[in-house]
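Below is one structure, written out as structure tokens; the observations come after it.
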Amino acid sequence: MANPLHDALFAPHLGSERSFLAAAGGAGGTSYGEFLDTASRLAHVLADLGLTPGDRLVAQLEKSPMALALYAASVMTGVVYLPLNTAYTAAEMHYFLDDSGARLLVCDSGRAAALSPIAAGLGAKVLTMDANGAGGLRDLAAGKPGGFSPVDRGPNDLAALLYTSGTTGRSKGAMLSHANLLSNAEVLAAEWRFTGADVLLHALPIFHTHGLFVATNIALLTGATMIFLPRFDTDAVIAALPAATSMMGVPTFYTRLLDDPRFSHDLVAHMRLFTSGSAPLAAETHEQFQARTGHRILERYGMTETNMNTSNPYDGPRKAGTVGKPLPGVELKITDPETGATLPEGEIGVIEVRGPNVFQGYWKMPEKTAEEVRADGFFITGDLARTDEDGYVVIVGRAKDLIISGGYNIYPKEVELVLDELPGVLESAVIGVPHPDFGEAVVGILVPRKGAVLDEATILTEAGIRLARFKLPKRVVVVEALPRNTMGKVQKNLLRQSYAKSFA
Ligand code: MCA
Ligand code: AMP
């Protein structure tokens, strides 16, 4: 019997009293044994509910040890774990529950009233779990035994389904197998020298690859401890840093810390590693960080579909403005977007990657998979880059119309579709512009119908019924017409130039 993720991440720690999820001071919290005991009880609940391997479990949960244990329980039972941003509206949740064919939704009790009718209409059961772990699921788990025999799984069986937005406005479920997740965790743990002596400061959300797989799977694999903060809060992070050895963050974490005078050389002199990813880290932030702390942030590059692809070295130069070299086992090439031909060093093209980290395709969208994964297995990332003279990858832009704000991806098309439907709106264009805190911020440019008067507050309130708050424009501009080229295509580059200083 085998279950690759269970065997590598959980089995070595069963019954262990070592600290897994520590409180802010680095002590107390949940031991590995307690965590796996909870996960086993949850696994019994899932199995007794009739969930079978391959069934999808949707989790829209506040970050908590119990929510993380539900991921572990899903792995144990072979159930495919589908975590979703707590910011998603009921309309967005409807799409994910429907598209994934979820059998079970686990959500906060505060959201159950809104989501239960949707889930019921789609044939999914609902159980509750609050931020403190309490709820219907914990009540059921309390009566279950502490050990669970993991369900047999092969390396290519799915462990998780993570949705990424798409250029058409329709989110796609990226199918991630046991081998995809495990191979990446093994490579990263070795490359970044994680061991059981590490205390990883975890302030990321656990519904994305970064916080759920990169951080958590590395900790589980190596027996490290995590200081598990509910969210990024500058005060809490500064209070927790003295007990940590390492931290993973998005660039906004680092710019916020640098804005705080308490974030000093002495505060982090003992730290071993800071990593950054999910969005471009400005070279300026990298340099400021070194000047303040003496540490060079290790920047890496990944995607939901591929896990991590490249990393700056642990030993050796960490170059600002680059995402380093392909990780061991990952093949990377830069290709001509038109012809697919591999380009010579220094030329800008699209990044393509192949390796054990690359996903199994998009859920129920074979045509999308075929568009983005070549017959020879190379995945076309849509990120534009070149390699430098040392083989480091320098990301210079995106071939896809995508905004990355505070590490969250927003596809303009999805927002435009909602804005276009609002009363009085003739058409819209959504762009990303530089923002001092989020890196990029969403700006909505609207053209009113003849005679209509558009009011920013009303637009945002109405769009907010359908869209998660982080996708809503931080600024709305009303114009008479959108700039178009001779083909009639909206010239977003001109709009980005016009509104570049909106948040300067
Ligand atoms: C919150 N808001 C945002 C964002 N976060 N708006 C735009 N972009 C965001 N990222 C909204 C809130 O709803 C609120 O709106 C207002 O902005 C201010 O919120 P604030 O309290 O400042 O936000 P926060 O709670 O401090 O969150 C900011 C954050 C957070 C800490 C940067 O967004 C975060 O943890 N980001 C990490 C994302 C991440 O893990 N990405 C990895 C995915 P209002 O005032 O209207 O209510 S990518 C990935 O996994 C790939 C594979 C990879 O390479 O890693
Ligand atoms: P997601 O779809 O949420 O997994 O986001 C993946 C995208 O985030 C990639 O395609 C890149 O555009 C971007 N990304 C991730 N890490 C970096 C990085 N270090 N520098 C620049 N962009 C990054």
Side-chain angles (χ1 to χ4, degrees), residues 63 83 85-88 162-167 171-172 174 176 184 188 202-216 229-237 248-257 275-283 285-286 297-312 320-324 350-351 353 357 359 372 379-385 393-411 415 432 435 437-443 457 460-461 463-464 467-474 503:
K63 184 176 173 184
N85 196 323
T86 44
Y88 286 143
L162 259 58
Y163 275 79
T164 71
S165 321
T167 42
S171 291
K172 302 167 287 186
L176 296 159
N184 213 235
L188 294 174
H202 193 302
L204 291 158
I206 54 167
F207 41 70
H208 281 306
T209 296
H210 199 167
L212 185 60
F213 302 138
V214 181
T216 303
L229 301 181
R231 54 185 283 276
F232 182 89
D233 170 79
T234 308
D235 289 343
V237 167
M248 296 179 186
V250 297
T252 301
F253 286 18
Y254 295 115
T255 50
R256 286 188 182 181
L257 286 170
T275 70
S276 178
S278 310
L281 181 74
T285 309
H286 195 284
I297 297 173
L298 185 155
E299 186 171 6
R300 70 6 171 231
Y301 156 69
M303 278 183 84
T304 301
E305 288 92 333
T306 64
N307 298 286
M308 299 304 102
N309 294 311
T310 72
S311 173
N312 271 278
T322 82
V323 293
V350 177
I351 301 176
V353 289
N357 53 316
F359 74 146
E372 294 181 33
F379 173 69
I380 307 166
T381 63
D383 289 308
L384 296 174
V393 176
V394 182
I395 297 179
V396 297
R398 295 168 207 136
K400 48 197 174 190
D401 190 12
L402 163 70
I403 300 168
I404 305 184
S405 178
Y408 288 149
N409 288 11
I410 299 142
Y411 274 87
V415 183
H435 188 277
D437 185 30
F438 292 125
E440 280 184 285
V442 177
V443 171
L460 293 179
T461 306
L467 292 171
R469 295 195 80 83
F470 69 88
K471 297 179 191 169
L472 290 179
K474 300 265 186 248
F503 301 98

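Both ligands and their constituent atoms are indexed starting at 1 by order of listing.
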Discussion item. Please classify the Thr209 to ligand 1 contact at 4.0 Å (heavy-atom distances, strictly less than): side chain, backbone, both or neither.
Written reply: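 Under 4.0 Å from ligand 1, Thr209 contributes backbone and side-chain atoms.
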
Worksheet item: Would you say Ser405 and ligand 1 have an N/O pair spaced under 3.5 Å apart?
Response: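 Yes; at least one N/O pair falls below 3.5 Å.
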
Discussion item. Between ligand 1 and Tyr301, is the shortest N or O to N or O distance under 3.5 Å?
Written reply: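 Tyr301 vs ligand 1: no N/O contact under 3.5 Å.
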
Item to complete: Step through it carefully: locate the ring centre of Phe438, locate the ring centre of Phe470, and say whether they are under 6.0 Å apart.
Response: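 So the answer is no for these two rings.
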
Side chain to side chain, [X] and [Y], heavy atoms closer than 4.5 Å:
X	Y	value
Arg256	Val237	no
Ile297	Tyr254	yes
Leu384	Ile395	no
Ser165	Ile410	no
Leu188	Val214	yes

Closest non-hydrogen protein atom to [atom], residue and atom name please, with distance?
atom	result
atom 22 (O) of ligand 1	Arg256 NH2, 3.1 Å
atom 16 (C) of ligand 1	Lys474 NZ, 4.2 Å
atom 35 (O) of ligand 1	Pro205 CD, 3.6 Å
atom 33 (O) of ligand 1	Tyr408 CE1, 3.4 Å
atom 19 (N) of ligand 2	Arg300 O, 2.7 Å
atom 31 (C) of ligand 1	Phe232 CB, 3.7 Å
atom 50 (O) of ligand 1	His210 N, 3.0 Å
atom 24 (P) of ligand 1	Arg231 NH2, 3.6 Å
atom 2 (N) of ligand 1	Phe438 CZ, 4.0 Å
atom 5 (O) of ligand 2	Asn409 ND2, 3.0 Å

Exercise check, heavy-atom protein proximity under 4.0 Å to [atom]:
atom	answer
atom 45 (O) of ligand 1	no
atom 29 (C) of ligand 1	no
atom 11 (C) of ligand 1	yes
atom 53 (C) of ligand 1	yes

Please compare [options] and report which has the shortest non-hydrogen distance to [atom].
atom	options	value
atom 51 (C) of ligand 1	Ser278, Gly439, Pro251	Ser278
atom 47 (O) of ligand 1	Arg469, Glu440, Met303	Arg469
atom 10 (O) of ligand 2	Ile410, Val393, Val396, Asp383	Asp383
atom 37 (C) of ligand 1	Gly407, Gly406, Ala468	Gly406
atom 16 (N) of ligand 2	Ser278, Pro251, Pro280, Ser165	Ser278

Find the distance between [atom1] ([X]) and [atom2] ([Y]) and round it off to the nearest 0.5 Å.
X	Y	atom1	atom2	value
Asn184	Asn309	CG	CG	7.5 Å
Glu305	Glu372	CD	CD	6.5 Å
Phe253	Leu281	CZ	CG	13.0 Å
Thr252	Phe232	OG1	CZ	8.5 Å
Phe379	Asn357	CZ	CG	10.5 Å
Ser278	Glu299	OG	CD	10.0 Å

At a non-hydrogen distance cut-off of under 4.0 Å, which region of [X] contacts ligand 2 (side chain, backbone, both, or neither)?
X	result
Thr304	both
Glu299	side chain
Ala279	backbone
Thr209	neither

Worksheet entry | Test side-chain contact (heavy atoms from CB on, under 4.5 Å) applied to Val442 and Lys471, step by step | CA-CA 7 Å; Val442 177; Lys471 297 179 191 169; 6.0 Å; no

Report, in ascending order of atom number, the atoms of ligand 1 lying under 4.0 Å from any heavy atom of [X].
X	value
Leu204	40 (O)
Gly302	54 (O)
Thr252	32 (C)

Fill in: contact_flag Lys400 ligand 2 heavy-atom lt 4.0 Å
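In this structure, Lys400 qualifies as a contact of ligand 2 - some heavy atom is under 4.0 Å.
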
Item to complete: Tell me, please: is Thr381 in heavy-atom contact with ligand 2, that is, under 4.0 Å?
Response: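 It does not, in that no heavy atom of Thr381 comes within the 4.0 Å cut-off of ligand 2.
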
Atoms in ligand 2 flagged as close to [X], the criterion being non-hydrogen separation under 4.0 Å:
X	value
Ile404	8 (O), 12 (O), 13 (C)
Met303	4 (O), 6 (C), 9 (C), 10 (O)
Val323	18 (C), 19 (N), 20 (N)

Worksheet item: Does Lys471 come within less than 4.0 angstrom of ligand 1, counting non-hydrogen atoms of the residue?
Response: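 Heavy atoms of Lys471 never come under 4.0 Å of ligand 1.
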
Worksheet item: Does ligand 1 have an atom under 4.0 Å from some heavy atom of Gly211?
Response: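 The answer is no, since Gly211 has no heavy atom less than 4.0 Å from ligand 1.
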
Atom pairs and distances, donor-acceptor, side-chain atoms in residues 398-408, under 3.5 Å, two or more places apart:
from	atom 1	to	atom 2	distance (Å)
Arg398	NH1	Leu402	O	2.9
Arg398	NH1	Glu440	OE1	3.0
Arg398	NH2	Glu440	OE1	3.3
Lys400	NZ	Thr381	O	2.9
Asp401	OD2	Lys492	NZ	2.9
Ser405	OG	Glu440	O	3.0

